[in-house]
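Note that these values count all heavy atoms, side chains included, but never hydrogens, waters or copies made by symmetry. Computed from a predicted model, the values in this text were never measured in an experiment.
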Amino acid sequence: ILSLDIECLPPENGFIPIPENDPITMVSLSFNRKYNNSSNLVLIAKPIECKRNDILSFESEKDLLKCLKQIIKEYDPDIITGYNIESFDLNYIDVRSKVNSVPYDISRDNSNMYIRKFGTNTEVMVAGRIIIDTLQIIRRTYSLDQYTLKNVSDKLLHMQKLDVPASKMREYW
């Protein structure tokens, strides 16, 4: 099982990032069996100095996307999961891969992801891998006022999630 989450740099106005314009800045990965002696990795799309071996920095978003693809191929997960991974993360990765001319053939037969949108739902298919979007499971299983990760974390896990306001992300980046 591979769990992933992406972070993107929102536009100057602080609104929701647009995949055609706004780059992926970070990808967090969690492995249920270690990958190269790591349970977790963070990929960062700019050069930084860091002594931790679980943080990899790259010269560009394109290099980050190439590495992410290589990790998926090498780790060869049966399941790829994340929160809102179908409607946001995998869709965003697909668009940014096209912008950066990095074919995203992460399936077991080397085909590209297949993304199908119908109404407000998105379905992502990757040959030979199961995609599990935990947001969809939470929506089917629980009746909550909001399905933000912050609210779900609070209501179901009784844990606080730190939210960085979109207006502050550029400053922190």
Find out if a path of hydrophobic residues (ILVMFWY) with successive side-chain heavy-atom gaps under 4.5 Å connects L149 to I132.
no

Taking side-chain hydrogen bond (donor to acceptor under 3.5 Å, both in side chains) as the definition, give me every residue that meets it alongside D78, ordered by chain and number, with sequence neighbours left out.
R108

Taking R96's backbone N and O only, do any of them form a donor-acceptor pair with N100's side chain (distance below 3.5 Å, no angle check)?
yes

Distance in Å, L43 CG paired with I6 CD1, rounded so as to fall on 0.5 Å steps:
11.5 Å

Linking I/L/V/M/F/W/Y whenever any side-chain heavy atoms sit under 4.5 Å apart, do I115 and L4 land together?
yes

Whether the N36 and S38 side chains hold a donor-acceptor pair (N or O, under 3.5 Å, no angle test) is what I'd like checked.
no

Please find the pair of heavy atoms, one from G82 and one from S3, that lie closest to each other, and give the distance.
CA-OG, 4.4 Å

Indicate yes or no: at least one non-hydrogen side-chain atom of N84 is less than 4.5 angstrom from one of S87.
yes

Residue list, side chain to side chain contact (heavy atoms under 4.5 Å, CB included) with E74, at least two apart or on another chain:
Y35, Q70

Between E86 (side chain) and D133 (backbone), is there a donor-acceptor pair under 3.5 Å?
no

What side-chain donor-acceptor pairs closer than 3.5 Å can you find for residues 47-55, not counting sequence neighbours?
{"from": "R52", "atom 1": "NE", "to": "D54", "atom 2": "OD1", "distance (Å)": "3.0"}
{"from": "R52", "atom 1": "NH2", "to": "D54", "atom 2": "OD1", "distance (Å)": "3.4"}
{"from": "R52", "atom 1": "NH2", "to": "D54", "atom 2": "OD2", "distance (Å)": "2.8"}

If you look only at distance, which donor and acceptor atoms sit under 3.5 Å apart when one is on a side chain in residues 135-145 and the other is two or more places apart or in another chain?
{"from": "T141", "atom 1": "OG1", "to": "I137", "atom 2": "O", "distance (Å)": "2.7"}

Could you walk me through whether V42 and L56 pass the side-chain contact (heavy atoms from CB on, under 4.5 Å) check?
CA-CA 6 Å; V42 176; L56 306 175; over 6 Å; no

Summary of salt bridge (charged side-chain N to carboxylate O under 4.0 Å, His left out) pairs that have at least one residue in residues 23-47, sequence neighbours excluded
none

Check K73 against I106 and note the closest heavy-atom contact, atom names and distance.
CE-CA, 4.4 Å

For the student: nearest non-hydrogen atoms of P11 and P17, plus distance
CD-CA, 3.8 Å

Joint hydrophobic cluster, I85 plus M26, side-chain heavy atoms closer than 4.5 Å:
no

Give the cluster check for V102 versus I72: same hydrophobic cluster or not, with ILVMFWY residues linked at side-chain heavy-atom distances below 4.5 Å.
yes

Give the intermediate values and the outcome of side-chain contact (heavy atoms from CB on, under 4.5 Å) for residues I93 and L68.
CA-CA 10 Å; I93 288 169; L68 176 60; 3.9 Å; yes

Nearest atoms (heavy-atom pairs only) where S153 meets M159
OG-O, 2.8 Å

Sequence-distant partners of Y83, ring pair (Phe, Tyr, Trp, His ring centres under 6.0 Å), two or more places apart:
none

From L65 atom CG to S97 atom OG, the distance as rounded to the nearest 0.5 Å:
4.5 Å

Could you check I131 against V126 for side-chain contact (heavy atoms from CB on, under 4.5 Å), going step by step and ending with a plain yes or no?
CA-CA 7 Å; I131 306 299; V126 178; 3.8 Å; yes

Rest of the hydrophobic cluster containing I16 (Ile/Leu/Val/Met/Phe/Trp/Tyr, side-chain heavy atoms under 4.5 Å)?
none

What closest approach, in Å, do M113 and D94 show between heavy atoms, and which atom pair accounts for it?
CE-CB, 3.7 Å

Any pair counted as side chain to side chain donor-acceptor pair (under 3.5 Å), so long as it reaches residues 16-29, sequence neighbours left out
none

According to the salt bridge (charged side-chain N to carboxylate O under 4.0 Å, His left out) rule, which pairs have a member within residues 119-129, sequence neighbours left out?
D76-R129, R116-E123

Show me the pairs that pass ring pair (Phe, Tyr, Trp, His ring centres under 6.0 Å) and involve residues 88-132, at least two apart or across chains.
F88-Y92

Side chain to side chain, V27 and L29, heavy atoms closer than 4.5 Å:
yes

K98 side-chain N/O to P103 backbone N/O, donor-acceptor pair under 3.5 Å:
no

Tell me whether S39 contacts the main-chain N or O of F31 through its side chain, where contact means a donor paired with an acceptor under 3.5 Å.
no

Judged by atom type as modelled, is there a donor-acceptor pair below 3.5 Å linking the side chain of E61 to the main-chain atoms of I24?
yes

First locate atom CD1 of I1, then atom CD1 of I79, and finally report the distance between them rounded to the nearest 0.5 Å.
4.5 Å

What's the separation between atom CG in D5 and atom CG in D89, rounded to the nearest 0.5 Å?
5.5 Å

Show me the pairs that pass salt bridge (charged side-chain N to carboxylate O under 4.0 Å, His left out) and involve residues 147-157, at least two apart or across chains.
none

Residues in ring pair (Phe, Tyr, Trp, His ring centres under 6.0 Å) with F58, at least two apart?
none

Closest heavy-atom pair and its distance - S111, A127:
OG-CB, 3.9 Å

